[in-house]
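Contents: one structure, followed by commentary.
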Amino acid sequence: MKAPPFRYHAPASLSEAVSLLSNLENARVLAGGQSLMPMLNLRVAAPDHLVDLGRVSGLTGIVDEGQSIIIGAMTTQRAVERSALVARRCPLLAEAVAHVGHQQTRNRGTIGGSICHLDPGAELPVVAAALDAELRIAGPTGARRMKFRDFPEGYLTSQLAPDEILTHVAFPAIGARTGSAFLEFNRRPADFAIVSVAVQITLGASDIVTHAAIAFGGIQGAPVRFAKAEEALPGRPWSAAVGETLRRLVPELACDGDDLYPADYKRDLCGSLLVRAMTKAAARAGGRDV
Amino acid sequence: MFDPRRVTLVVNGNPVDRMVDSRVHLADFLRRDLKLTGTHLGCEHGVCGACTILVDGASVRACLMLAVQADGRRIDTIESVAGDDGILHPIQEALSRRHGLQCGYCTPGVVMTLLELDRDRDGRSLSEPEIRAALSGNLCRCTGYQGIVDAALDLFGPKNIETSTQPTHGSST
């Protein structure tokens, strides 16, 4: 089908974009359009106004700020995929972004668009959850910052006000003796994940885990941190036995199922993916890539 | 509601200056307004890849981009690929030789994806898994993909492997 009628706006500056959003009723922000355009064509979305951020300056680029890698919200997924800086300083993001859609959609799809859209099957929100990325947001009263953990409100819904725009995402840079891994399961590569997992762990003396972060996608409306497992890991080295301990915690995960992928099936995937991802991340943290 | 916008862009090397309703996507603009019907529409929601074109050299689904968003951009479609004399591009030639198409509906999108792949590989030879991954965004319901992959392997695969010029069905060697 074709998109329903709307008025199109192409502001040249962030303040102009925010002002349009403040003054227009039923307006939607258009970033890369790789989720919104299908929703328009399928008439799932019918905004009266589209505010295209494509001509707004200052929203693209990848900058190393030491503690964090700052990525402009309109930076394409393809640019992140090809960034040597991201590969070196935020390997979890680099590994995950290659799973996002196809090259033809990554050429247009943006980091900020994917994070704001919050599709349960999307990869980038899961990375943002695991690393607790910081979101930089512009609105009519100025800029504010929010940790990703406070960002999702529910299925496809964030805490962004209708007149706010995500401008940058700050992903914490990977530290010493730290390894990460992103894995997902789907029926064909490049499909939305049925379940995805992003993990990052830090090792101390004698390879003892000192810190762990685990996030799942696909099991609830928004990405979920697996706090129970994160708390169980520190204090001992990673091993297959520890993996079995984690697996035993998985039944406690709240998990939404449907007829195609029941909750129990998704929990099985969570357990298997988690152990595989942790094994990879531990090896990487120890300086051995797998 | 009609929301006409002026767009100026370059399509296949030719400057274009038109008014277009803002809700018209780029594939419809190319097909209806510019009569460039080589860009095909399959699903019209970003899944099938039939409408793949190049925007400033990067492969893009033309159904997932508004024509107004192409203002100021350089667009290349399948119509730009063969020579003016009708001589096929090597990618088209290989697809023909390897029976990489039957009905041909997906072929324009496949060719545009392979053009980008050829540029991005920068002379490096590609493995079959790399080629299959690159083609994963283009659905074909006829060939089972083998002919398309064979054509791409002919062009981009390791050169030390001897390739047959006979059409193959079910074998990539």
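A, B, ... follow the sequence lines: proteins, then strands. Residue 1 opens every chain.
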Partner of B/Leu30 under side-chain contact (heavy atoms from CB on, under 4.5 Å), chosen from B/Asn12, B/Thr77, B/Thr37, B/Ile78: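 Considering B/Asn12, B/Thr77, B/Thr37, B/Ile78, a side-chain contact (heavy atoms from CB on, under 4.5 Å) with B/Leu30 is found only for B/Thr77.
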Contact summary for [X] and [Y], nearest pair of heavy atoms:
X	Y	answer
A/Lys266	A/Asp256	NZ-O, 3.2 Å
A/Val197	A/Ala277	CG1-CB, 3.9 Å
A/Arg28	A/Ala45	NH1-CB, 4.3 Å
B/Arg74	B/Asp76	NH1-OD2, 3.2 Å

Select one option (side chain, backbone, both, neither) describing which atoms of [X] are under 4.5 Å from chain B's heavy atoms.
X	answer
A/Arg7	both
A/Arg188	neither
A/Leu40	neither
A/Leu36	neither
A/Arg106	neither
A/Asp191	neither
A/Met1	backbone

[X] portion near chain A, given a 4.5 angstrom heavy-atom threshold:
X	answer
B/Leu66	both
B/Ser136	both
B/Asp21	neither

Most contacts with chain B, counted as non-hydrogen pairs under 4.5 angstrom, among A/Gly32, A/Pro189, A/Pro38: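 Ranked by contacts with chain B, first place is A/Pro38.
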Residue, of A/Asn107, A/Thr105, A/Leu42, that accumulates the most heavy atom pairs under 4.5 Å with chain B: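 Max contact count across the listed options: A/Asn107.
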Basic-acidic side-chain contact under 4.0 Å: B/Asp3, B/Arg23: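 No, no charged N to carboxylate O under 4.0 Å.
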Whether over 12 other heavy atoms sit under 6.0 Å from A/Asp259 CG: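 It does not: A/Asp259 CG has 12 such atoms or fewer within range.
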In terms of heavy-atom pairs under 4.5 Å, which option from [options] contacts chain A the most?
options	answer
B/Met65, B/His25, B/Arg5, B/Gln69	B/Gln69
B/Gly46, B/Ala133, B/Ser22	B/Ser22
B/Val47, B/Val24, B/Asp71	B/Asp71

Parallel, tilted or perpendicular, as decided by the 30° and 60° cut-offs, for the rings of A/Phe182 and A/His99: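 Because their plane-to-plane angle lies in the 30° to 60° range, the rings of A/His99 and A/Phe182 count as tilted.
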